[in-house]
> 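There's a structure below that I have some questions on.
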Amino acid sequence: MDRIRIVGGRKLNGTIPISGAKNATLPLMIASLLTDETLVLDNVPRLADVALLQRILGNHGVDVMVPGKRPGDSPLDGQTLHISAKRIVDTTAPYELVSKMRASFWVFAPLVARMGEARVSLPGGCAIGTRPVDLLIMALENLGAEIEIEGGYVVARAKKGLKGGEIRFPKVTVGGTHTALMGAALANGTTVIENAAREPEIGDVADCLNKMGAKISGAGTSRIVVEGVARLNGARHSVLPDRIETGTYAMAVAMAGGDVLLEGARPELLQSALDVLTQAGATVAATNNGIRVARNGAGINPVEVTTAPFPGFATDLQAQLMALMSKAKGTSHITETIFENRFMHVQELARLGARITLNGETATIHGVDRLRGAPVMATDLRASVSLVIAALAADGETTVNRVYHLDRGFERLEDKLGRCGAAIERVTG
Ligand code: EPZ
């Protein structure tokens, strides 16, 4: 199994190109199930999760074509996928596949909307919490699907198609909102989604669906209205930049020191994280082609942060911020309100010398002067990258094991950091 080896203490200087967002790419690929025409997605990141979803969609009969390289292409450019769900040959998503990637549960909505039936395995447990799917099921029930749980599978039927309805989420859910949007796009009549997630990836999927002929308004606000249409067509859409990758590298620069342009990043996608970085003592500036983040000389200030749905501070940046605060000049508090068990990085950061105590949803981080390299491993993607951030500022060598977690969501991480001066390499085997 691959490992990442990092020798800490180098500043980061240069440019990091930001990839297309993983969490927009996955639902966009799934949206291809809604049409028998080809959906072309540009700026798709080269990630293990994208390759896995390609295989999962293949099981339903979806063809994904990736055109060959052209002269002048850089390995850091996004790829283009031509996705065709001309004929859906299977409406079952089996446990072996859904358990490998939770987001593949989301095929549920487009399959029922287009085919009138779907049989999708319940995803089961997860490293960051229990993560139920009751609200996704509720959304489709409100659109008229009849739903039963049989042998670990959610079986949904809507033989005469889905019907527009009102969906009021008791809690903000990204997956629930994607489900509601995809179901409502092909439903008969108008759907109103209340307390919808406002994450930028929802807006990106809604934009793409509108290009496919859907009639969605209000995406990006907490009230979305969808007028159902009888069919959707093909379209071409470019995936928006990854705000979590952006925030991650911004925190890496704040941790290691230096001056880096995050090329292609858009500040409005992560304003709350940029505000926290400014409080922490980094200099953050929007430029014409991205966001410039620097920290030179000054130490890291402690912060008080609570995760929240967008536009609040993202749970997907919580572990990275905790790594940064482990070297702050004082005590920080980080409260996690989205997932109840998303603190698996705490014990691994402790192996590097971080002083963190947990009390329910809140972590108290006592900043230390020095972290020291050690072998570490993590159980999920964002936790793994928090260890990379800590390692960049630790004395000596850190080995991050189980790199497949990083490969799920960070494209060429070691190249991107290495080009800016980090001493980082992948050790294969
Ligand atoms: C999405 O997960 C992201 N995944 C997650 O990114 C992200 O952490 C999360 O949104 C929150 O921003 C993708 O986009 C592929 P939710 P999702 O439904 O949709 C509860 C990463 O590292 N809930 O918004 O599964 C749930 O337990 C990941 O890239 C229910 O109670 O998250 C949580 O407490 C991991 N019932 C809250 O809602 C439900 O039916 C928000 O979850 C659904 C969710």
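Sequence positions, counted from 1, serve as the residue numbers for this chain. These numbers come from a predicted model, not from an experiment. Whatever order the structure lists them in is the order used to number ligands and atoms, beginning at 1.
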> What part of Thr315, side chain from CB on, backbone N/CA/C/O, both or neither, has a heavy atom under 4.0 Å from ligand 1?
side chain

> For a side-chain hydrogen bond (donor to acceptor under 3.5 Å, both in side chains) check, start with the C-alpha distance between Asp2 and Thr428, then their side-chain angles and the critical distance, and finish with the verdict.
CA-CA 4 Å; Asp2 290 5; Thr428 40; 5.0 Å; no

> Is there at least one pair of N or O atoms, one from Pro132 and one from ligand 1, spaced under 3.5 Å apart?
yes

> Quick check: does Val174 get an N/O under 3.5 Å from an N/O on ligand 1?
yes

> Where does the angle between the aromatic ring planes of Phe410 and Tyr249 fall among parallel (under 30°), tilted (30 to 60°) and perpendicular (over 60°)?
perpendicular

> Is the shortest distance from a heavy atom of Trp106 to ligand 1 less than 4.0 Å?
yes

> Under 3.5 Å, sequence neighbours excluded: what are the donor-acceptor pairs made by side chains of residues 300-309?
unit_1	atom_1	unit_2	atom_2	d
Asn301	ND2	Gln279	O	2.9
Glu304	OE1	His333	ND1	3.1
Glu304	OE2	His333	ND1	3.0
Thr307	OG1	Glu336	OE2	3.4
Thr307	OG1	Thr337	N	2.8

> What atoms in ligand 1 come closer than 4.0 Å to a heavy atom of Val133?
39 (C), 40 (O)

> Does Lys171 approach ligand 1 within less than 4.0 angstrom via side chain, backbone, both or neither, non-hydrogen atoms only?
side chain

> Rounded to the nearest 0.5 Å, what's the gap from NZ on Lys100 to OH on Tyr95? Could you check?
11.0 Å

> Near Arg382, which atoms of ligand 1 are under 4.0 Å from a heavy atom of that residue?
21 (C), 22 (O), 29 (O)

> Give a yes/no verdict on whether any heavy atom in Ile244 is under 4.0 Å from an atom of ligand 1.
no

> On a heavy-atom basis, I'd like to know which of Arg342, Arg102, Lys22 is closest to atom 35 (C) of ligand 1.
Arg342

> Between Leu143 and Gly183, which heavy-atom pair has the shortest distance, and what is it?
CD1-C, 3.7 Å

> Please work out whether any backbone atom (N, CA, C, O) or any side-chain heavy atom from C-beta onward of Phe339 is under 4.0 Å from ligand 1, and answer side chain, backbone, both or neither.
side chain

> What part of Asp316 sits under 4.0 Å from ligand 1 if we count only heavy atoms: the side chain, the backbone, both or neither?
side chain

> What about Leu135: any of its N or O atoms under 3.5 Å from an N or O on ligand 1?
yes

> Kindly check if the number of other-residue, nucleotide or ligand heavy atoms within 6.0 Å of CD (Glu141) is above 12?
yes

> Using a 4.0 Å cut-off to any heavy atom of Leu136, which atoms of ligand 1 qualify?
40 (O), 43 (C)

> Hey, are Asn233 and Thr35 close enough side-chain-wise for a donor-acceptor pair under 3.5 Å?
no

> Identify the heavy atoms of Ala118 and Leu111 that sit nearest to each other, and give their distance.
CB-CB, 3.7 Å

> So, regarding Arg131 and ligand 1 (criterion: nitrogen or oxygen to nitrogen or oxygen, under 3.5 Å), is there a contact or not?
yes

> What pairs of donor and acceptor atoms, side-chain ones from residues 81-93 against any protein atom, are under 3.5 angstrom apart with sequence neighbours left out?
unit_1	atom_1	unit_2	atom_2	d
Ser84	OG	Lys86	N	3.4
Asp90	OD1	Thr92	N	2.9
Thr91	OG1	Glu117	OE2	2.9

> Using a 4.0 Å cutoff against the non-hydrogen atoms of Ile338, which atoms of ligand 1 qualify?
33 (C), 34 (O), 41 (C)

> Below 4.5 Å, heavy atoms only, C-beta onward: do Val403 and Met1 meet side chain to side chain?
no

> Is the closest side-chain donor-acceptor distance between Gln318 and His345 under 3.5 Å?
yes

> Find all atoms of ligand 1 within a distance of less than 4.0 Å from any non-hydrogen atom belonging to Gly175, and give their numbers and elements.
18 (O), 19 (O)

> Is there at least one pair of N or O atoms, one from Glu199 and one from ligand 1, spaced under 3.5 Å apart?
no

